[in-house]
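My questions all concern the structure below.
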Amino acid sequence: MSEELSANEYRQQRIVNMEKLEEAGFPAFGKAFERTARLDELHEGFEEGKVVKACGRIVGMRKMGKMAFAHLNDGSARFQLMVKKDILGDEVFAAFKLLDLGDIIGIEGEMIITQTGEQTIRISNWMLLSKALLPLPEKFHGLTDVETRYRQRSLDLISNPEVMDVFKKRTEVLREIRRFLDGRGFYEVETPMLQQIAGGAAAKPFKAHYNALNVDVFMRIAPELYLKRLIVGGMDRVYEMNRNFRNEGLDRTHNPEFTALEIYQAYGDMRTMQELIQSMFMHLAETIFGKMEFEWMGNTISLQAPWREVAYYDLIKEHLGDDWFDKTLEEAVAKAEELDVHVEQGMNFKEVTHEIYDKTIEGTLIQPTFITRLPKELVPLANHCPDDPELVDVFELIIGGKEIAPAYSELNNPLEQRARFEEQAAGDGEKIDEDFLAALEYGMPPTGGMGIGIDRLLMLLTGSDAIRDVILFPQLKPRV
RNA sequence: GGGCCGGUAGCUCAGUCGGUAGAGCAUUUGACUUUUAAUCAAAGGGUCCCGGGUUCGAGUCCCGGCCGGCUCACCA
């Protein structure tokens, strides 16, 4: 007996049941059903004696001789059904007992409270809306195999309510972000995902071919250069929240397609973004989660503003000593080795310092922290700090030891922008986006810009340790 | 890419020293009008991830591969 045949036994049995139901006058795949309310709403507005219509999937069934109890789930909640032979009559009751777990039905009945105190609908009538030909995962343990959960998200959602909850929260967060930004006068825009030059970030793009123009195109790695064109054009508050694609590895915090929110506000700067993100995160925490503290990867994180702000050099000194910047390169390398931080031959002092920061300091910043005044070498596309041309006017927001959002006082000097592009192009051979540079030459107002990794934000807000748990269909290797 | 762990019935999992493949749920049949992991009785259900090897005999040991998880590294 093959696995396939065995699985088929369940299917065969359900097809037999389906035929019996059809003979009894219950077509297996019904039409639209008008319900009184969702099951969660019925629980909330429960009223003993009220007659209601509801529908959903049968997720539990306890059959007895002349009555049965079942549980219905419509994705919002579960609701118990009481099914009695003396109410339905012999044939309709017998047909009900032919239903399988997973079948989708519509019912009508009276809301009652059972002896054990559970809100229940005692049904007077029912119809089959859709037959399930395959068995559902087991009722008690549910579906736990992670691989199956990601590959068959439908089943995951059916059998794991907490998974459903995370994805509903995801939708609510996206909706609330839009509402928040719209309320501040931002326009949501859509810019190309198919780009002939993949700019705006340093990452490897996915490549595709466009037949009609016979050109290679790239899936975007960032919308930044297009959004700034809109700032030049006078749309002075814009945001885009959509997918970016990066042709890189896959791990607990990286998926090749991920959702990024980029925000640009003309006549603002990094400070504008700082206020915006604190207000926005607190707003989300308050309105959707009703709390300010979140458990994430073993830490309790408070989003209560104001968040800590520390200049990069001060942070380094805090961890490596006030005299750090008086040290020689050799001393810095020695310290790195002592800390078990791997440094490459030929790295300069700043690079070694940053490597140490990356490996030993960033991870310790659990509570929200703005790191400001970064060395310009680290951030090529930002404006200088007004008081120090060696530093750039940016912040990196770290939460839970992870980078959540960078923000810049955007570079709006087209000559300097061109110089930096040329330097970059010399390094990696990428084409320069001349149209973008031309736009800048018409004049871009001083602008604050920010990028937020939405998936990582959702990990924090929902307490998820893996990005796969906040993305409905994460990338997986194909199954053979 | 390296290391460690895992893949056995539809689902969740056991499987000892290499000796006939197990349980619970689910399914089928029967009993049962207040159950809720319903209960009771009986039955059916397996490509033990794939391919080689060792052996009289492999779910188990060895080699290779696939998929997944954790972790380190790389990339940013």
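In what follows, chains carry the letters A, B, and so on, assigned in the order in which the sequence lines appear, proteins first and then strands, with residues in each chain numbered from 1. Source: prediction; values computed, not measured.
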Hey, which of these two, A:E403 or A:D340, hits RNA chain B nearer its 5' end, going by closest nucleotide? A:D340
Under 4.0 angstrom, heavy atoms only, what part of the nucleic acid is A:G60 near: base, sugar-phosphate, or nothing? nothing
Under a 3.5 Å cut-off for both contacts, is B:G6 paired Watson-Crick or G-U wobble with anything, and if yes, with which nucleotide? B:C67
Is the shortest side-chain N to carboxylate O distance from A:R220 to A:E240 below 4.0 Å? yes
Which is true for A:H254 with a 4.0 Å heavy-atom rule: it touches a base, it touches only sugar-phosphate, or it touches nothing? nothing
From the list B:C75, B:C67, B:U12, which nucleotide is the closest neighbour of the side chain of A:E147? B:C67
Among B:C67, B:C11, B:U34, which nucleotide has an atom closest to any side-chain atom of A:M64? B:U34
Residue whose closest nucleotide on RNA chain B lies nearer the 5' end, A:D100 versus A:H141: A:H141
Assess whether a salt bridge exists between A:K20 and A:E23, defined as any Lys/Arg side-chain N lying under 4.0 Å from an Asp/Glu carboxylate O. no
For the CD atom on A:E295, are there more than 12 heavy atoms of other groups (residues, nucleotides or ligands in this structure) within a distance under 6.0 Å? yes
CD of A:Q115 versus C1' of B:U35: gap in Å, rounded? 10 Å
Have a look at A:R468 and say if it touches a base, only the backbone sugar-phosphate, or nothing, with a 4.0 Å heavy-atom cut-off. sugar-phosphate
Given the C1' atoms of B:G2 and B:G44, what is the spacing between them in whole Å? 47 Å
Determine whether A:W307 and A:L397 make a side-chain contact, defined as any pair of heavy atoms from C-beta on separated by less than 4.5 Å. yes
Under 6.0 Å from the six-membered ring centre of A:Y226 and within 45° of its axis: does the NZ or CZ of A:R229 meet both? yes
May I ask you to say what A:K63 touches in the nucleic acid, namely base, sugar-phosphate or nothing, with a heavy-atom cut-off under 4.0 Å? base
Using OP1 and OP2 only, check whether a side-chain N or O of A:N17 sits under 4.0 Å from B:U27. no
If you check the A:T144 side chain, which of B:C13, B:C11, B:G68 turns out closest? B:C13
Would you say the side chain of A:T114 and the base of B:U35 hold a donor-acceptor pair, judged only by whether the two atoms sit under 3.5 Å apart? yes
Provide the distance between the two P atoms, one in B:C48 and one in B:C11, to the nearest whole Å. 15 Å
Check this for me, if you would: do A:R373 and A:E390 make a salt bridge, where the nitrogen-to-carboxylate-oxygen distance has to be below 4.0 angstrom? no
Can you check the A:I112 CD1 to B:U35 C1' distance for me, whole Å? 12 Å
Do the charged groups of A:E110 and A:R122 touch, with an N to O distance under 4.0 Å? yes
A:D165/A:K168 ion pair, N-O < 4.0 Å: no
What does B:A38 pair with, Watson-Crick or G-U, if both distances are under 3.5 Å? none
Is any side-chain N or O of A:R62 closer than 4.0 Å to OP1 or OP2 of B:A38? yes
Among B:U33, B:C11, B:G69, which nucleotide has an atom closest to any side-chain atom of A:D86? B:U33
Report yes if a side-chain nitrogen or oxygen of A:R252 is closer than 4.0 Å to either non-bridging phosphate oxygen (OP1 or OP2) of B:G69; otherwise report no. no
Of all the nucleotides listed (B:C75, B:G68, B:C11), which has the minimum atom distance to the side chain of A:P137? B:C11
Respond yes when some side-chain nitrogen or oxygen of A:T148 is under 4.0 Å from OP1 or OP2 of B:G7, and no when none is. no
Whole Å only: how far is the CG atom of A:D251 from the P atom of B:G2? 17 Å
Could you tell me how far apart A:R11 (CZ) and B:U28 (C1') are, to the nearest whole angstrom? 18 Å
What distance, rounded to whole Å, do you find between the two P atoms, one in B:A42 and one in B:U34? 24 Å
Separation of the P atoms in B:G10 and B:U27, to the nearest angstrom: 14 Å
Please report the distance, rounded to the nearest Å, between CD in A:Q152 and P in B:G68. 15 Å
When the distance from CG of A:D358 to C1' of B:C75 is rounded to whole Å, what number comes out? 12 Å
Using whole Å, report how far CZ of A:F140 lies from P of B:A37. 8 Å
So, is A:R151 close to the B:C67 phosphate, meaning a side-chain N or O under 4.0 Å from OP1 or OP2? no
Could you tell me how far B:C63 sits from B:C56 if I compare only their C1' atoms? Round to whole Å. 22 Å
Is the number of heavy atoms from other residues, nucleotides or ligands within 6.0 Å of NZ (A:K207) greater than 12? no
C1'-based separation of B:A9 from B:G51 [nearest Å]: 23 Å
What is the nucleic acid contact for A:K84, judged by heavy atoms within less than 4.0 Å: base, sugar-phosphate only, or nothing? base
Given the C1' atoms of B:G69 and B:C62, what is the spacing between them in whole Å? 25 Å
As its Watson-Crick or G-U partner within any shown strand, both distances under 3.5 Å, B:G57 has none
Considering only the P atoms, how many Å lie between B:A37 and B:C32, rounded to the nearest integer? 23 Å
Choose from B:C74, B:U27, B:C11 the nucleotide whose nearest atom is closest to any side-chain atom of A:K359. B:C74
Using Watson-Crick or G-U wobble geometry with both distances under 3.5 Å, which nucleotide pairs with B:C48? none
Look at the side chain of A:Q80 against the base of B:U35 and say whether a donor-acceptor pair falls under 3.5 Å; ignore hydrogens and angles. yes
Value in whole Å for how far the C1' atom of B:U71 lies from CG of A:D465: 14 Å
Heavy atoms from C-beta onward define the side chain here; which of B:C74, B:U33, B:G68 lies closest to that of A:H342? B:C74
Report yes if a side-chain nitrogen or oxygen of A:K139 is closer than 4.0 Å to either non-bridging phosphate oxygen (OP1 or OP2) of B:A26; otherwise report no. yes
